[in-house]
A.B. asks: 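Dropping the structure in here first, questions after.
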Amino acid sequence: MKCKSVEELQQFVDEAKIYAKFGKVADYIPALGKANPNDLSVAIYYPDGTVVYAGDSKRKVTLQSISKIISLALVLMERGEKDVFEKVGMEPTGDPFNSIAKLEETAPVKPLNPMINAGALVVTHLIRGNSPEERIHKLLAFVKSLTGNPNITYSEEVAKSEFNTAYLNRSLCYFLKQHGIIAENVEEVLDVYTKQCAIEMTCLDLARIGLVFAMDGVDPLTSKRIMPLRIARICKTFMVTCGMYNASGEFAIKVGIPAKSGVSGGILGAVPGRFGIGIFGPALDEKGNSITGIKLLELLSEKYSLSMF
Ligand code: GLU
């Protein structure tokens, strides 16, 4: 069973929107604080190219942590599993995404997984290139191939806003550098990382990326393989175990699909073999997930039996 009409989807959006009043827009990155907590847009992309969407589907929003799944796929393709997982682990954590606590407890130092900031910073630093510009352009080229949209870029304003205030991420980088995990200039890592997080797109673009993951790395619209099956599976597994921060367990029970969220209120979902979904709803719950986005996914999961478990 699938959602076929805008009207049907709009009903779910209207129901989920009620929960915006219980959430709060992220403002620790000043530019994100300008978002309207009542916005909620969603797109569902099916393998036959059909798209159903509701809300302001033209609004562009930054990826933030959703970008971590994309940089991971790129770095796995460039360097292979062995090199990457030597430096970053595969285990979920009950700690918040920006926590430094567990880093001190592992010896030798190794971020628990690539979805928390410490792990994502390590992954970003592994993107090959001679300069920050070359590396962000390589990542952008990959995002363009995933979305089929040649116009994707990053928001200078959001990137700068995060770069100027990323005290915690700087601390994580310096800690990792002290322990020899990050080998390069911290400001350069942060330059690439903040631009990566500021890559912006509509919920339609986001749903198209979800579709590629749902179809195990192949874009069904062009029949082109964008990433190897194994890498698509690794990314989806991280989405299930750590994609929704330290609420991933509850999300697996209530929704049951591979998904990755970001503090901009975005959620990328991949319903294996069925469709990709992209959501933007900036009001966040206390864990940093879109409160309306999660509600919407719960409603959709129940109605169309989306759980893979
Ligand atoms: N750029 C954000 C940060 O590093 C991403 C966090 C997120 O979306 O969870 O703080």
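Whatever order the structure lists ligands and atoms in, that order sets their numbers, starting from 1.
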A.B. asks: Check this for me: does any side-chain nitrogen of one of Lys236 and Asp216 sit under 4.0 Å from a carboxylate oxygen of the other?
C.D. replies: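 The answer is yes: the pair qualifies as a salt bridge.
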
A.B. asks: Write none if no such pair exists; otherwise list each N/O atom of ligand 1 with its protein N/O partner under 3.5 Å and the distance.
C.D. replies:
{"unit_1": "ligand 1", "atom_1": "1 (N)", "unit_2": "Gln64", "atom_2": "OE1", "d": "2.7"}
{"unit_1": "ligand 1", "atom_1": "1 (N)", "unit_2": "Glu162", "atom_2": "OE1", "d": "2.9"}
{"unit_1": "ligand 1", "atom_1": "1 (N)", "unit_2": "Glu162", "atom_2": "OE2", "d": "2.7"}
{"unit_1": "ligand 1", "atom_1": "4 (O)", "unit_2": "Asn117", "atom_2": "ND2", "d": "3.0"}
{"unit_1": "ligand 1", "atom_1": "4 (O)", "unit_2": "Glu162", "atom_2": "OE2", "d": "3.2"}
{"unit_1": "ligand 1", "atom_1": "4 (O)", "unit_2": "Asn169", "atom_2": "ND2", "d": "2.9"}
{"unit_1": "ligand 1", "atom_1": "4 (O)", "unit_2": "Tyr193", "atom_2": "OH", "d": "2.7"}
{"unit_1": "ligand 1", "atom_1": "8 (O)", "unit_2": "Ser65", "atom_2": "N", "d": "2.9"}
{"unit_1": "ligand 1", "atom_1": "8 (O)", "unit_2": "Ser65", "atom_2": "OG", "d": "2.9"}
{"unit_1": "ligand 1", "atom_1": "8 (O)", "unit_2": "Tyr245", "atom_2": "OH", "d": "3.2"}
{"unit_1": "ligand 1", "atom_1": "8 (O)", "unit_2": "Val263", "atom_2": "N", "d": "2.8"}
{"unit_1": "ligand 1", "atom_1": "9 (O)", "unit_2": "Ser65", "atom_2": "OG", "d": "2.5"}
{"unit_1": "ligand 1", "atom_1": "9 (O)", "unit_2": "Tyr245", "atom_2": "OH", "d": "2.4"}
{"unit_1": "ligand 1", "atom_1": "10 (O)", "unit_2": "Tyr28", "atom_2": "OH", "d": "2.6"}
{"unit_1": "ligand 1", "atom_1": "10 (O)", "unit_2": "Asn117", "atom_2": "ND2", "d": "3.4"}

A.B. asks: Using the test side chain to side chain contact (heavy atoms under 4.5 Å, CB included), find all partners of Asn113 that sit at least two apart in sequence or belong to another chain.
C.D. replies: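 Residues passing side chain to side chain contact (heavy atoms under 4.5 Å, CB included) with Asn113: Thr93, Met115, Ile116, Phe238, Cys242.
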
A.B. asks: Asp14: what forms a salt bridge (Lys or Arg N to Asp or Glu O under 4.0 Å) with it, not counting sequence neighbours?
C.D. replies: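 Partners of Asp14 by the salt bridge (Lys or Arg N to Asp or Glu O under 4.0 Å) criterion come out as none, since no residue qualifies.
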
A.B. asks: Output yes when a side-chain donor or acceptor of Glu78 lies under 3.5 Å from a complementary backbone atom of Arg128, and no otherwise.
C.D. replies: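 Checked: pair present.
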
A.B. asks: Suppose clustering is done on Ile, Leu, Val, Met, Phe, Trp and Tyr with side-chain heavy atoms closer than 4.5 Å. Which residues sit in the same group as Phe22?
C.D. replies: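 Hydrophobic cluster check, Phe22: joined to Ile18, Tyr19, Ile291.
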
A.B. asks: Look at the side chain of Thr292 and the backbone N and O of Leu40, then say whether any donor-acceptor pair between them is shorter than 3.5 Å.
C.D. replies: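 Here the side-chain-to-backbone pair does not exist.
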
